[in-house]
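Shown next, in structure tokens, is the structure this report addresses.
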Amino acid sequence: MRIISWNIFGIRSAFSAFLSMLESWEPDIVCLQETKIKTIDACFNIVGYHQIWNEADDAAHLGTALFTKSLKQGNTLNDSFKGVYKREHIIVAELESVYVVGVYVPYAGKEQSTRMYRHDWFESFQHIIHQLQAHKPCIICGDFNIVQRDIDAFDNMSVKSTACFTRQEHIDFEHFMQAETLVDVYRYLHPDKQQEGFTYYPFGGEYRINKEGYRIDLFLISKQLMGKVVDCYPLQEVEGSCNVPLLLDINI
């Protein structure tokens, strides 16, 4: 199975790039974040894919989405789903043997109120994952808005006072990973790679050209699934957003 996660930063503006990505990489499942569109306006004719939209109350981000590839007999991969569960910034698809979780973790921002919101939201998210893993393993993907280690930043800095770098975010994330026994797939497979793993480049200038980026988009999976992983890497050649798609091939 091939799964792609992408913070598309507005599906309207990146729609052409999105279609090209589907054609080139033929994923079975796509999880999108920051779709920036209301469900009522999401009227896209995307041949070969079933669409599930999850509108958020946060007008700046307006939700997540999940696309499933149609099978040759005319059914969709969604027909094998046991259910789809939605919360703000979260969309969960239950398959026979795993849950696929697409998530946008809120950006901490500069204000104490937004940082506390992220902290509280992340605690609730961990509770959801804990409940899911009590039933079956999880494949979790999305924009986590955190730079975990020095190697995940172009300037080799992961401890700063700005959002994505703060100590509280690191504490929350490390606790989440340990408590839920999760594996960061890309970093597990590629422990020493730096710029090859970047998934975010700020808009403007020549950040992408100069490889001045960060690794903030992740695939986290239940530890018992690691033996099924084939590969995981970002599609850095795909443009259309400040984030690039992240691909996981896994034998599910």
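Just so you know, residue 1 is the first one in the sequence shown, and it goes up from there. Predicted model only: the values in this text are computed from it and were never measured.
- Shortest non-hydrogen contact noted between C164 and Y107 is SG-CE1, 3.7 Å.
- In this structure, CD1 in I91 is found 10.0 Å from CH2 in W53, a value given to the nearest 0.5 Å.
- Side-chain polar atoms of Y85 and R87 form a donor-acceptor pair below 3.5 angstrom.
- L225 and C138 get closest at one heavy-atom pair: CD1-O, 3.7 Å.
- Between L220 and V183, every side-chain heavy-atom pair lies at or beyond the 4.5 Å cut-off.
- A heavy-atom distance below 4.5 Å is not found between the side chains of T35 and F9.
- Proximity of a side-chain donor or acceptor of Q33 to a complementary backbone N or O of C31 within less than 3.5 Å is detected.
- Judged by distance alone, the side chain of S158 and the main-chain N or O of V147 form no donor-acceptor pair under 3.5 Å.
- Applying the side-chain hydrogen bond (donor to acceptor under 3.5 Å, both in side chains) test to residues at least two apart or on different chains, the pairs with a partner in residues 204-214 are K211-Q236.
- Scanning both residues, K136 and E96, for their nearest heavy atoms gives NZ-O, 3.2 Å.
- Pairs of residues two or more places apart, or lying in two chains, that qualify as salt bridge (Lys or Arg N to Asp or Glu O under 4.0 Å) and include a residue from residues 243-252 are R2-D249.
- Of the possible donor and acceptor atoms, none in the side chain of S5 sits under 3.5 Å from a partner among the backbone N and O of L246.
- A heavy-atom distance below 4.5 Å is found between the side chains of I221 and V185.
- The hydrophobic clustering, which links ILVMFWY residues whose side-chain heavy atoms are closer than 4.5 Å, places F67 and I8 together.
- The neighbour count for E111 CD, taken as heavy atoms of other residues, nucleotides or ligands under 6.0 Å away, does not exceed 12.
- Residues L218 and Q148 form a side-chain contact, since some pair of their non-hydrogen atoms from C-beta on lies under 4.5 Å apart.
- Proximity of a side-chain donor or acceptor of H127 to a complementary backbone N or O of E123 within less than 3.5 Å is not detected.
- Between the side chain of E88 and the main chain of D57, a donor-acceptor pair closer than 3.5 Å is present.
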Check against side chain to side chain contact (heavy atoms under 4.5 Å, CB included), H89 and F125: CA-CA 10 Å; H89 304 309; F125 176 61; over 6 Å; no

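- To the nearest 0.5 Å, atom OG1 of residue T39 and atom CD of residue Q51 are 11.0 Å apart.
- At distances below 3.5 Å, not a single donor-acceptor pair connects side-chain atoms of T64 with backbone N or O atoms of V103.
- Alongside V230, the hydrophobic cluster contains no other residue (criterion: ILVMFWY side chains under 4.5 Å).
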I'd like to know whether H190 forms a side chain to side chain donor-acceptor pair (under 3.5 Å) with E196, so could you lay out the CA-CA distance, the side-chain angles of the two residues, the decisive distance to 0.1 Å, and finally the verdict. CA-CA 9 Å; H190 310 287; E196 299 91 339; over 6 Å; no

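- Proximity of a side-chain donor or acceptor of T199 to a complementary backbone N or O of D217 within less than 3.5 Å is detected.
- Sequence neighbours left out, the pairs with a member in residues 145-161 that pass salt bridge (Lys or Arg N to Asp or Glu O under 4.0 Å) are D152-R187, D152-R215, D155-K160.
- Residues I151 and Y186 fall into different hydrophobic clusters, defined by Ile, Leu, Val, Met, Phe, Trp and Tyr side chains chained together at heavy-atom separations under 4.5 Å.
- Put simply, CD on Q133 and NE2 on H130 are 8.5 Å apart, with the number rounded to the nearest 0.5 Å.
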Candidate pair Q168 and R115, rule side chain to side chain contact (heavy atoms under 4.5 Å, CB included), full reasoning: CA-CA 9 Å; Q168 186 60 59; R115 294 189 178 195; over 6 Å; no

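- Side-chain contact annotation: Y104 with N145, donor-acceptor N/O pair under 3.5 Å present.
- Screening residues 15-24 for side-chain hydrogen bond (donor to acceptor under 3.5 Å, both in side chains), with sequence neighbours left out, gives no hits.
- Note: L182 CG to M226 CE = 12.0 Å, rounded to the nearest 0.5 Å.
- Residues I146 and I90 share a hydrophobic cluster, clusters being chains of Ile/Leu/Val/Met/Phe/Trp/Tyr side chains in contact below 4.5 Å.
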Worked verdict on I11 versus W6 for side chain to side chain contact (heavy atoms under 4.5 Å, CB included): CA-CA 10 Å; I11 191 163; W6 192 12; over 6 Å; no

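- Scanning for salt bridge (Lys or Arg N to Asp or Glu O under 4.0 Å) contacts around D120 gives an empty result, with sequence neighbours left out.
- The side-chain hydrogen bond (donor to acceptor under 3.5 Å, both in side chains) pairs that include a residue from residues 223-233 number zero, where partners must be two or more places apart or lie in different chains.
- The ring pair (Phe, Tyr, Trp, His ring centres under 6.0 Å) check on Y188 picks up nothing, with sequence neighbours excluded.
- Using cut-offs of 30° and 60° on the angle between ring planes, the pair F173 and F144 is perpendicular.
- Contact annotation: the side chain of R12 approaches that of D41 to within less than 4.5 Å [non-hydrogen atoms, C-beta and beyond].
- If you chain together hydrophobic residues whose side chains sit under 4.5 Å apart, V229 and V100 fall into the same group.
- Looking only at side-chain heavy atoms (C-beta outward), I29 and K69 stay at 4.5 Å or farther from each other.
- Atom SG of C232 and atom CG of D184 lie 8.0 Å apart (nearest 0.5 Å).
- L235 and L32 fall within a single hydrophobic cluster, where Ile, Leu, Val, Met, Phe, Trp and Tyr are joined by side-chain heavy atoms under 4.5 Å apart, directly or via other members.
- Shown here are the salt bridge (Lys or Arg N to Asp or Glu O under 4.0 Å) partners of E174, two or more places apart in sequence or in another chain: R167.
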How far apart are the C-alpha atoms of I4 and L247, what are their side-chain angles, what is the distance that settles it, and do they pass the side chain to side chain contact (heavy atoms under 4.5 Å, CB included) test? CA-CA 4 Å; I4 289 179; L247 178 148; 4.1 Å; yes

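- Between L248 and I139, the closest side-chain pair of non-hydrogen atoms falls below 4.5 Å.
- The heavy-atom pair separating P137 from S222 by the smallest distance is CA-OG, 3.4 Å.
- When side chains are defined from C-beta on, W121 counts as touching V105, because their heavy atoms get closer than 4.5 Å.
- Listed by chain and number, the residues in a salt bridge (Lys or Arg N to Asp or Glu O under 4.0 Å) with E169 are R118 (sequence neighbours excluded).
- Remark: side-chain polar atoms of Q194 are paired, donor with acceptor, to backbone N or O of A153 under 3.5 angstrom.
- As a member of the Ile/Leu/Val/Met/Phe/Trp/Tyr network built from side-chain separations under 4.5 Å, I40 groups with nothing else and remains a singleton.
- Scanning for side chain to side chain contact (heavy atoms under 4.5 Å, CB included) contacts around Q112 gives M116, with sequence neighbours left out.
- Checked by atom type and distance alone, the side chain of K86 never pairs as donor or acceptor with a backbone atom of V92 at under 3.5 Å.
- Summarising the geometry, atom CG belonging to D172 is positioned 6.5 Å from atom CZ belonging to F122; distances are rounded to the nearest 0.5 Å.
- Without hydrogens or angle criteria, T166 side chain to A163 main chain gives no donor-acceptor distance under 3.5 Å.
- When ring centroids are compared, F18 and F44 stay outside the 6.0 Å threshold.
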